[in-house]
Amino acid sequence: MLDNKLVRSEPEKIKKNLKKRGFELDTAALSALEEKRKSVQVKAESLQQERNTKSKNIGKAKAAGEDIAPLLKEVENLKGALSEAEAELNTIQLEWDSLLAAVPNTLADDVPEGASEEDNVEISRWGVPRAFSFEVKDHVDVGTALGGLDFETAGTITGSRFVSMSADVARLHRALIQFMLNTHGEKNGYTEVYVPYIVNRHSLYGTGQLPKFEEDLFKLEDERGFYLIPTAEVPVTNLLRDKIVDEEQLPLKFVAHTPCFRSEAGSYGRDTRGMIRQHQFEKVELVQFVSPQNSMQALEELTGHAEGILQELGLPYRKVILCAGDIGFSSTKTYDLEVWLPSQNTYREISSCSCFADFQARRMKARYRAKENGKPALMHTLNGSGLAIGRTLVAILENYQREDGSVGIPEVLQPYMNGQSEIKGV
RNA sequence: GGUGGGGUGGCUGAGUGGUCGAAAGCGGCGGUCUUGAAAACCGUUGAGUGUAACAGCUCCCAGGGUUCGAAUCCCUGCCCCACCGCCA
């Protein structure tokens, strides 16, 4: 959610910023509504004031034993006008809120122009894609040949976009989770948390998935209106909802491993083969809560933590900054990390690291008490994948494949696999 | 699933339908004292909106209702606690 005051005081500036995204802010509608709001609010509040003082007078008169009948009559006349004004104000405010709830975050100045994925700007590359002396297979062929990946059976258990894993591949998958959790917890200073995988509407609103992106979510058939989490970002960020912490406690850094559930309703034809785009996948997520002045710095740091995992795994990747047309609804600036997939001869997203400034914090009322003046202020929130487990597994199967069909295990993972250094077929 | 009790400011916790945005304590902040600190004492201290600054308005879990007036009464929902039952 954008700052109400800012939208009111500088609508044109915000409109211009959002235009970069291709979002058309209806400033005419907003300012018309704002005009109405002002006058109605003034009216409602003055009527409220009148009622309050008169009611107090009735109390006093009654205590003094005076006749209150004439006073009652006076207030009686207020009633209709007051409730009418209150109702009108209420309607206006609901309308304002629902308009604003659909407005994305403003962009940081250094977010490049652009309409789509194509216009994202590469920042850096790490590692050199391996030269293969044989024909590379994709992860589906590698994993299936090993007897470790089974899309068909998962398809019969549930449907498309699910997978089952077994034996060493399943263990490698789990090893990745442990490795990432331990690295972020022990080396990078994150506190490990365990959180619910089912959340209510309120939480999804807080991080910005609702009200606009309901079709991406799995909703439970349940009168409570619960949803499966599409990312740990939702429950972990909401840990601070409605909280005020002392500024000294910041930054708060959390790492969580959770499954993620996405309906992928908007991408029917895309990545139908393999594990790249599943309805259910695992992710290790990094979340930071920081003072506003530190958030851009924190984004660099957090992205660096995700990069560290790729480097330790020896996976070539590149870092891109998302352009205005591709960046997420709630984000003010996002870096994607893309891992090299030899079968596709290209880099594919494996992590997305974003700074939300106060956009989520405002929706969640996540605040800190500023040391300077003791006043509560909105904190800044960030998150990033560190990393997406399924895609990391894909990257390892592909980048570490050998001609004989076996797959090498990156050294850092071997302690998590009882020292095992390769996966051979069954 | 059954029965009972609750949800009040950063925290604990009072609050007969009428000067209650709310006692008290803790914590925080400022000060006195002290070489410095602690202790003690004094003062101050909810969140939002609004204003040039005041004023005003809203908020005592959420949403409705009763009333001239609701933290207080009624209804619904959510959550928490205790005991019993059931399950792991």
Side-chain angles (χ1 to χ4, degrees), chain A residues 1-10 30-31 33-98 100-101 194-206 210-211 219-220 222-227 235 238-250 252 289 291 358 361-379:
Chain A
M1 186 82 90
L2 295 178
D3 187 356
N4 254 326
K5 281 187 196 163
L6 216 58
V7 174
R8 284 179 182 137
S9 61
E10 307 190 67
L30 283 173
S31 62
L33 198 60
E34 171 61 4
E35 279 304 302
K36 225 164 93 187
R37 191 209 107 241
K38 261 188 211 161
S39 67
V40 174
Q41 185 163 344
V42 167
K43 193 166 117 196
E45 288 189 359
S46 72
L47 286 168
Q48 281 171 334
Q49 180 184 2
E50 204 175 336
R51 178 204 60 197
N52 290 345
T53 52
K54 285 191 169 156
S55 289
K56 270 183 186 165
N57 288 339
I58 291 174
K60 279 187 210 163
K62 209 173 172 185
E66 294 165 18
D67 179 21
I68 60 171
L71 290 169
L72 283 178
K73 195 138 204 173
E74 261 181 69
V75 188
E76 187 81 16
N77 301 329
L78 279 176
K79 247 186 147 180
L82 178 59
S83 63
E84 200 177 297
E86 279 177 339
E88 197 182 347
L89 182 61
N90 204 339
T91 310
I92 292 170
Q93 263 157 356
L94 284 177
E95 199 180 331
W96 178 272
D97 287 345
S98 74
L100 219 60
Y194 172 87
V195 291
Y197 304 157
I198 295 175
V199 295
N200 58 32
R201 298 187 62 80
H202 202 152
S203 297
L204 288 158
Y205 177 82
L210 289 181
K219 183 174 189 180
L220 299 189
D222 178 300
E223 67 282 358
R224 284 169 291 199
F226 288 161
Y227 296 79
N238 275 279
L239 286 172
L240 271 288
R241 185 166 93 207
D242 290 321
K243 294 231 164 41
I244 302 176
V245 304
D246 287 329
E247 188 168 6
E248 292 86 65
Q249 292 179 254
L250 300 178
L252 286 164
F289 303 91
S291 305
D358 60 12
R362 183 170 294 106
R363 292 177 160 224
M364 291 194 304
K365 294 191 175 64
R367 295 173 290 178
Y368 68 98
R369 197 169 288 283
K371 199 178 167 65
E372 193 191 344
N373 56 10
K375 290 288 176 197
L378 294 170
M379 52 177 84

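Treat the numbers as computed from the prediction; the structure is a model and nothing was measured.
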Would you say that A/F289 contacts A/V245 through its side chain, given a criterion of any heavy-atom pair below 4.5 Å between the two side chains?
no
Which one is paired to B/A14, where only Watson-Crick or G-U wobble pairs with both distances under 3.5 angstrom count?
none
Do A/V199 and A/N238 have side chains that get closer than 4.5 Å, going by heavy atoms?
no
Counting primed atoms, P, OP1 and OP2 as sugar-phosphate and everything else as base, the B/S/- map of nucleotides 59-81 of chain B against protein heavy atoms under 4.0 Å is ---------BS------------
Calculate, to the nearest 0.5 Å, the distance between atoms CG and CG belonging to A/N4 and A/L30 respectively.
9.5 Å
Sticking with atom P, work out how far B/C42 lies from B/C26, rounded to a whole angstrom.
11 Å
Roughly how many Å apart are B/G27 and B/G13, using the C1' atom of each and rounding to a whole number?
14 Å
Can you measure from NZ (A/K56) to CZ (A/R51) and round to the nearest 0.5 angstrom?
11.0 Å
Watson-Crick or G-U wobble partner of B/A70, both distances under 3.5 Å
none
When the P atoms of B/C57 and B/C20 are compared, how many Å lie between them, rounded to an integer?
15 Å
Please name the pair of heavy atoms, one in A/Q41 and one in A/Q93, separated by the smallest distance, quoted to 0.1 Å.
OE1-NE2, 4.2 Å
Which base sits across from B/G1 as a Watson-Crick or G-U pair, both distances under 3.5 Å?
B/C84
Can you name the atoms? Protein N/O to nucleotides 25-30 of chain B N/O, anything below 3.5 Å, with the distance.
none

Rounded to the nearest Å, what distance is computed from the CD atom of residue A/Q48 to the C1' atom of nucleotide B/A55?
15 Å
Applying the Watson-Crick and G-U wobble criteria at under 3.5 Å, what pairs with B/U44? Answer none if nothing qualifies.
B/G28
For atom P, what is the distance between B/G28 and B/C87, given to the nearest Å?
50 Å
C1'-based separation of B/G69 from B/U16 [nearest Å]
16 Å
Between B/G10 (P) and A/M379 (CE): distance, integer Å
13 Å
How far does the C1' atom of B/U32 sit from the matching atom of B/G36, given to the nearest Å?
16 Å
Is it the case that the side chains of A/S203 and A/N200 hold a donor-acceptor pair, with the cut-off being a distance below 3.5 Å and no angle test?
yes
B/G65 versus B/G10 - spacing of their P atoms, nearest Å:
28 Å
Measure NZ/A/K43 against C1'/B/U58 and give the value in whole Å, please.
19 Å
Ranking A/K38 and A/E86 by the position along RNA chain B of their nearest nucleotide, the one closer to 5' is A/K38
To the nearest Å, how far apart are A/K60 NZ and B/G18 C1'?
11 Å
Euclidean distance for P, B/G77 against B/A82 (whole angstrom)
23 Å
Can you check whether A/L89 reaches A/T91 side chain to side chain, under 4.5 Å on heavy atoms?
no
Where do N or O atoms of nucleotides 46-49 of chain B meet protein N or O atoms at under 3.5 Å, pair by pair?
from: B/A47; atom 1: O3'; to: A/R367; atom 2: NH1; distance (Å): 3.0
from: B/A47; atom 1: O2'; to: A/R367; atom 2: NH1; distance (Å): 3.3
from: B/G48; atom 1: OP1; to: A/R367; atom 2: NH1; distance (Å): 3.2

Could you give the distance from CG (A/L100) to CG (A/L2), rounded to the nearest 0.5 Å?
5.5 Å
Measuring from A/E35:CD to A/L33:CG, what's the distance to the nearest 0.5 Å?
10.5 Å
Under 3.5 Å on both distances, the Watson-Crick or G-U partner of B/A39
none
Output the rounded distance in Å from CG (A/L250) to P (B/G10).
16 Å
In Å, rounded to the nearest 0.5 Å, how long is the span from CZ of A/R369 to CD of A/E247?
11.5 Å
Do side-chain atoms of A/D246 reach the backbone of A/E248 as a donor and acceptor pair under 3.5 angstrom?
no
Counting N and O atoms only, with roles assigned by atom type, does the side chain of A/R363 sit under 3.5 Å from a partner on the main chain of A/A101, one being a donor and the other an acceptor?
yes
Close side-chain approach of A/R37 and A/R8, heavy atoms under 4.5 Å
yes
Counting only Watson-Crick or G-U wobble pairs whose two distances fall under 3.5 Å, which nucleotide matches B/U19?
none
